Structures are given as structure tokens and as C-alpha cells.
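Have a look at the structure below, then the notes.
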Amino acid sequence: MLTRPEKTFTELGTKAIEQGLADPVLSSFYDCFMSAQSGEQHLRLKPFLPFLSLCSDKMPSHVPPPIFYVGSECSQRQLFGDDWASPSATAAALTTPDHDLEQASTAGYRTALLGKPYYGYARTSVTIDNNVIDIAFERLIVAVRPSIQSNYRFCAYFGVIQDFQRRL
Amino acid sequence: MPQNIQFTLGDYLPEHVQPECSEHVNLKDAVDAADLTEMWNMILTLDYSVADPEELSPERRDEFLNVMSLLLKAFDR
């Protein structure tokens, strides 16, 4: 009988993308991004913006940086919904609503902010509106400077949901 | 009987005219002060393909301003 751990967060490394194991759109984003010259990487985001979420480079505690942009086709929007992705102007900084998922995702952002693109796989459960959902996803996180002179960066997150099962 | 009130054209404000939006001016000032102008310009040109939020429809402008409001919070500035 096939068994698999309920929770897995693992870095596969970007070699897995180069070997053709990643989602094709994620893979073309990676190729496009990595082939850009320094200082022009942000321009390569344009065709992929619908699939991306963007967050800051601020990690004051052991959680991923707050998000400021959620693309129309972004996996986080698919998972958490439009209302989550577009909070009111008075709301607090935007983070994903599942605390455990947030904590488990931290290492990926840290790796990206250290200058190494992060490509990983995760299988876990999230609770959304009292529904427990088992999901598996791959994700690529890269850190980008908005221009070559910038003294700050932002992270671009490309997630692809591979499996989505609502527990009965 | 309804009163017939005389007033000049300069006093007339049609109700279908939307009030001018000053929100983006305030938000742009905050973004500039936070040294995040590059992000404002990047999102505006890459995603919205305009140089000024004034060129956007009210709905798209609100959406953009919402992103900028989140930007300020995300960078904690």
C-alpha cells in the first residue's frame, strides 16, 4: 500500500526545473527570469504577473514577508479567494491565513532573500472556512530588485497547485 | 408649489459627476516618502500599462491603489 507523509515541505532545487520536472509555465518563468541581465529581471515579470504574488523583503519574525500583490491566476488567490487577495484599505498587512502554512513556508523565502532562487514541493493540509483541504504544490520564489540601484528587493512567488482534495 | 430658484451655471454641480479623487495623490506622496517610487512605477507600467493612475478607470484605479496601500504595509513604512 502506498503511504505518504501527511506533511512534507522540501526543497527540490532549481536543477529539477532545468531537468524538466517542473510545471511548464513555472519553468518558462524561471528560464525567462534567469536569462535576464542584472537590473532587468523585474521587466521579465510582466507576462507572468497573473501567476505571481509579490511580497516585501521584510522578515522580522519567523514568518514569510507580507504580500502586496496577488495576480489574477495566482495559486494563493485560487486557494484563499478574491476577498482574501483584495482586503480593505484599513486592513493589516496581507499574509496567508493559515499560520502553520506560513511558518512552514518561511525557509523558502529566506533562501530566496539570501540570493538563491528557491524551488520546492509541499504536501500539507490547510483549513479554510472550517474546511480541511489536502493540497500538494510546487513553488518557486525569487528575490528581485526593482532597479539596479535599489537598496531593497521584493520576492516573486510562483506556486502551482498539483493536487487539491477537500476532506469529507 | 415648487419654488423656481435662479442660480448661475457656475454654481451647478451635476450629480452624475464623480468627485475628484485625491486619494492617489496622498498615497503617491506616502510611497515617495517611503522610497518605494520604483515599485509604484513598476507595477503601474508592467501590470496596468499606464504612466499615471489618472489614465485608469475608477475600478482599475482603486485596485491599483489597494495594491499600493498593501505595499506600504508590506515594507512596514
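Here is the naming used below: chain letters follow the sequence lines, and residue numbers restart at 1 for every chain. Since this is a predicted model, take the numbers as computed values, not measurements.
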The interface call for Pro47(A) against chain B, heavy-atom contacts under 4.5 Å, is neither
Identify, with sequence neighbours excluded, every residue that meets salt bridge (Lys or Arg N to Asp or Glu O under 4.0 Å) alongside Arg60(B).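 Only Glu63(B) meet the salt bridge (Lys or Arg N to Asp or Glu O under 4.0 Å) criterion with Arg60(B).
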Which residues share a salt bridge (Lys or Arg N to Asp or Glu O under 4.0 Å) with Glu11(A), sequence neighbours left out: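 With neighbours one apart ignored, the set is Lys116(A).
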Counting distance only, does the side-chain N/O of Ser35(A) pair as donor-acceptor with the main-chain N or O of Cys32(A) below 3.5 Å?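 At least one qualifying donor-acceptor pair exists.
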Just by distance, do the side chain of Glu40(A) and the backbone of Gln37(A) share a donor-acceptor pair under 3.5 Å?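 No; judged by distance alone, with no hydrogens or angles, the pair does not exist.
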Near-ring test Phe51(A)/Phe29(A), centroid separation under 6.0 angstrom: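 For Phe29(A) and Phe51(A), the ring centres are not under 6.0 Å apart.
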At a heavy-atom distance under 4.5 Å, which candidate from Pro146(A), Ser56(A), Pro66(A) has the highest pair count against chain B? Ser56(A)
Minimum heavy-atom distance Arg153(A)-Ala112(A), with the two atoms named: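 It is NH1-O, 4.4 Å.
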With a 4.5 angstrom heavy-atom cut-off, which part of [X] approaches chain A: side chain, backbone, both or neither?
{"X": "Ser49(B)", "answer": "side chain"}
{"X": "Met39(B)", "answer": "both"}
{"X": "Asp47(B)", "answer": "both"}

Pair up each side-chain donor or acceptor in residues 17-28 of chain A with any protein partner under 3.5 Å, not counting sequence neighbours, and list the distances.
unit_1: Glu18(A); atom_1: OE2; unit_2: Tyr30(A); atom_2: OH; d: 3.0
unit_1: Asp23(A); atom_1: OD2; unit_2: Val25(A); atom_2: N; d: 3.0
unit_1: Asp23(A); atom_1: OD2; unit_2: Leu26(A); atom_2: N; d: 3.0
unit_1: Ser28(A); atom_1: OG; unit_2: Pro24(A); atom_2: O; d: 3.3
unit_1: Ser28(A); atom_1: OG; unit_2: Val25(A); atom_2: O; d: 3.0

Residues of residues 67-76 of chain A under 4.5 Å from chain B (heavy atom pairs)? Ile67(A), Phe68(A), Tyr69(A)
Which is it for Tyr109(A) and Cys55(A) under the side-chain contact (heavy atoms from CB on, under 4.5 Å) test, yes or no, and what are the steps along the way? CA-CA 10 Å; Tyr109(A) 288 93; Cys55(A) 64; 3.5 Å; yes
